[in-house]
There are 2 protein chains.
Amino acid sequence: MNTSIPPSGLPIAAVERDTGLAKDTLRVWERRYGFPSPARDSNGERVYSADQVDKLRLIRRLIDQGLRPAKLIGLEPAALSELLGGLGTAHPAADPARSAQFETILKFVRLHLHEDLRRSLQQLLMKLGLQRFVGEVLAPLNLLVGDAWLRGELEVPEEHLYTEQVQNLLRAAISSQAAASEGRPRVLLTTFPDEQHALGLLMAEAMMVPEGACCISLGTQTPLDDIRNAARAGRFDIVAVSFSAAFPARLALDGLRSLREGLPGETSLWAGGAGLQGIARKLPDIRIFDSIDELPDALRIWREAHPAPAQE
Amino acid sequence: MNTSIPPSGLPIAAVERDTGLAKDTLRVWERRYGFPSPARDSNGERVYSADQVDKLRLIRRLIDQGLRPAKLIGLEPAALSELLGGLGTAHPAADPARSAQFETILKFVRLHLHEDLRRSLQQLLMKLGLQRFVGEVLAPLNLLVGDAWLRGELEVPEEHLYTEQVQNLLRAAISSQAAASEGRPRVLLTTFPDEQHALGLLMAEAMMVPEGACCISLGTQTPLDDIRNAARAGRFDIVAVSFSAAFPARLALDGLRSLREGLPGETSLWAGGAGLQGIARKLPDIRIFDSIDELPDALRIWREAHPAPAQE
DNA sequence: TCAACATTTTGTCCAGGACAAAATATGAAC
DNA sequence: GTTCATATTTTGTCCTGGACAAAATGTTGA
């Protein structure tokens, strides 16, 4: 009759899976800070209560946001939640109708309603066209999904579902537009190693292809050397790199600087994504995008500065 | 000029990521069997050579197939590869044209050609119809992909790409057929906890929906209690559970027995998937499917045994 | 404002002992 | 021979407590 899990507590391996904190880390926190302080079973092995795991999850999320364990571990769960809330990106509150649509879409994600999700997105895409769809729907939706994820309202499978559906939609839309492959400028898109998120790339491509640019995507996780070589070999005009919020800003800066040096002077280097927020101007000769909406304008400016394909 | 990784060796954390073997396991193997025997860096930390990691990967795959470490660790890499080759499912070698198509599709998977992959599958689906597509294309293709994965010819992202594209295709096809939702029998589809593969479920659904069955999928990883409760509450005629090759047969058997006891006698319990190969007859009152092609016939037989919806 | 240096924090690594769960071998009973 | 229960081996995971480098932070001087 009772096959369900006894709600007594979780062993350390399960906590590692649930929170993403390594077993070594869990043990060393216990030694240093006194938290978590799991009970022990009859074999002397750690047994973590659900409360402790919840608090650990909160701490993990905050650490991912750049806060430090020592400042967090003493706090009450309520205080941690509050911190998380405060960190959530302030949403510019688009018009209420659109907001309601977003909530509906988020509901579909939460409930795993693949079909409904796909249909809603498809409808919005048809209604707005590709570029406005990316700028007005996907950009804010990504923020919402990111926040929900941060708060723990979404789990891995839900986030995955959202990403895959959006990718499928974008790929289909882009490939239907990409007829004229001889466009200008020639843009190379990719991400750095350790950056796995392909969504930013696709969104950038979706903004540029309708402007007549010739976009080639290398996908995610391209080593710096390979980016440099590909840019040279393919005579690209622009190299565009995307960074998700999770990407360590430090790595991004170093990498961009190094890449800039390795590229020919006439090749532009563009970078964007949530991982670059707030670290602008510091980089000479690199165009940092705060918003994906700036892409079409940037393309037009590039064209004015590089007129006349001539022959070559 | 040289930002690339020095090919000297990998630290233990990287080996854990690459091979899926826990750090503790790597260390205890070294202690017990003398393999792997990594070099040490200036801090005394383990540095694994590429050769050792390759051999570890082979061993890992063979262990997943049910072999035991002690028998494997002494063998040469060549012998390990041979073992892996021998284990590959013997493929019934369909007609050569179809085989060539499969190879093309596998090539698309390897090269991350999302669009080409989607299009090839879509064409086959259109040509064959949903049921034949599942039986004649997806079933053998899954074996091929599984083998390639076993051999290390595919990595996680490739396997993922394949799965997602197939899922999208099947979901779209199923939802376009599922108009008449009042069909019979009422089938509840799901997997056990720890079984994450949803493809088998979708394929089963794709075989049954065209026969007029009313399929409700709970998705993957449903606790046994929840399956039982859902089956009772929804007055289902059939509960269908799917197991991928990676699922431990022992768990499957125990779980199925336990579930059979918890279900009303008039509810049929069906189970299938690569995880159940070779452990047939042992289970009374449970229908084990060796091949997904048996589903339509099984449905017809069920209908003959349960005629006349009467009223209710 | 930035760069260079000193200090603290923090995650990961190590050794080697222990033990339970899984797999296998052994034997009894039908 | 097959099925079941029981002994034995194999194997993965957990434990403690020490160590240290990389990252983050604080400090100083141009």
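In what follows, every chain begins at residue 1, and chains take the letters A, B, ... in the order their sequences are listed. No hydrogens, no waters, no symmetry mates; every other heavy atom, side chains included, goes into these values.
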### Task
Tell me which of B:E45 and A:L21 sits closer to the 5' end of DNA chain C, going by the nucleotide each one is nearest to.
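First, find each residue's nearest nucleotide; the 5'-ward one identifies A:L21.
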#### Entry: Which residue lies more 5' along DNA chain C, comparing B:N43 with B:R32 via nearest heavy atoms
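Between the two, 5'-proximity favours B:N43.
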Nearest-angstrom distance from the residue atom [atom1] of [X] to [atom2] of [N]:
X      : N      : atom1 : atom2 : result
B:Y48  : C:dC14 : OH    : C1'   : 11 Å
B:D41  : C:dT12 : CG    : P     : 16 Å
B:R60  : D:dT11 : CZ    : P     : 15 Å
B:L253 : D:dT3  : CG    : P     : 13 Å
A:R257 : C:dC2  : CZ    : P     : 11 Å
A:W29  : C:dT9  : CH2   : C1'   : 12 Å
A:L72  : C:dG11 : CG    : P     : 10 Å
A:E30  : D:dC15 : CD    : P     : 8 Å

Does [N] have its OP1 or OP2 closer than 4.0 Å to a side-chain nitrogen or oxygen of [X]?
X     : N      : value
A:Y33 : C:dT10 : yes
A:K23 : D:dC14 : yes
B:R46 : C:dT12 : no
A:T25 : C:dT10 : no

Candidates [options] - which lies nearest the side chain of [X]:
X     : options                : answer
B:R40 : C:dA15, C:dT10, D:dG12 : C:dA15
B:V28 : C:dT10, D:dG12, C:dC13 : D:dG12
B:D24 : D:dG12, C:dG11, D:dC14 : D:dC14

### Ionic contact status for B:R40 with B:E30, cut-off 4.0 Å
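Looking at B:R40 together with B:E30, the answer is yes, because their closest N to O distance falls below 4.0 Å.
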### Query
In terms of side-chain geometry, is the basic nitrogen of B:D54 or B:R57 positioned less than 4.0 Å from the acidic oxygen of its partner?
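The answer is yes: the pair qualifies as a salt bridge.
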#### Entry: Evaluation steps, salt bridge (Lys or Arg N to Asp or Glu O under 4.0 Å), between A:R151 and A:D147
CA-CA 6 Å; A:R151 265 170 252 273; A:D147 276 11; 3.6 Å; yes
### Query
Between the base of D:dG17 and the side chain of A:R27, is there any donor-acceptor pair under 3.5 Å?
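When only heavy-atom distances are counted, A:R27 does not reach the base of D:dG17 through any donor-acceptor pair under 3.5 Å.
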### Query
Between B:H160 and A:H160, what is the ring plane arrangement, given parallel below 30°, perpendicular above 60°, and tilted in between?
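If you compare the ring of B:H160 with that of A:H160, the planes turn out tilted.
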### Message
Parallel, tilted or perpendicular: which one describes the rings of A:W270 and A:F289, with boundaries at 30° and 60°?
### Response
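Tilted: the ring planes of A:W270 and A:F289 meet at 30° to 60°.
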### Task
Check whether any side-chain heavy atom of A:W29 lies under 4.5 Å from a side-chain heavy atom of A:I59, and answer yes or no.
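Counting from C-beta outward, A:W29 and A:I59 do come under 4.5 Å.
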### Task
Please say whether the positively charged group of B:R46, taken as NZ for Lys or CZ for Arg, lies over the ring of B:Y48, i.e. under 6.0 angstrom from the six-membered ring centre and within 45 degrees of the axis.
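Because its charged atom misses either the 6.0 Å distance or the 45° angle limit, B:R46 does not stack over B:Y48.
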### Task
Assign B:R31 to base, sugar-phosphate, or nothing according to its heavy-atom contacts below 4.0 angstrom with the strands shown.
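B:R31: base contact, heavy atoms under 4.0 Å.
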### Donor on one side chain, acceptor on other, A:E195 and A:S244, under 3.5 Å
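Yes - a donor-acceptor pair under 3.5 Å links their side chains.
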Between the protein and nucleotides 25-27 of chain D, which nitrogen or oxygen pairs are less than 3.5 angstrom apart?
none

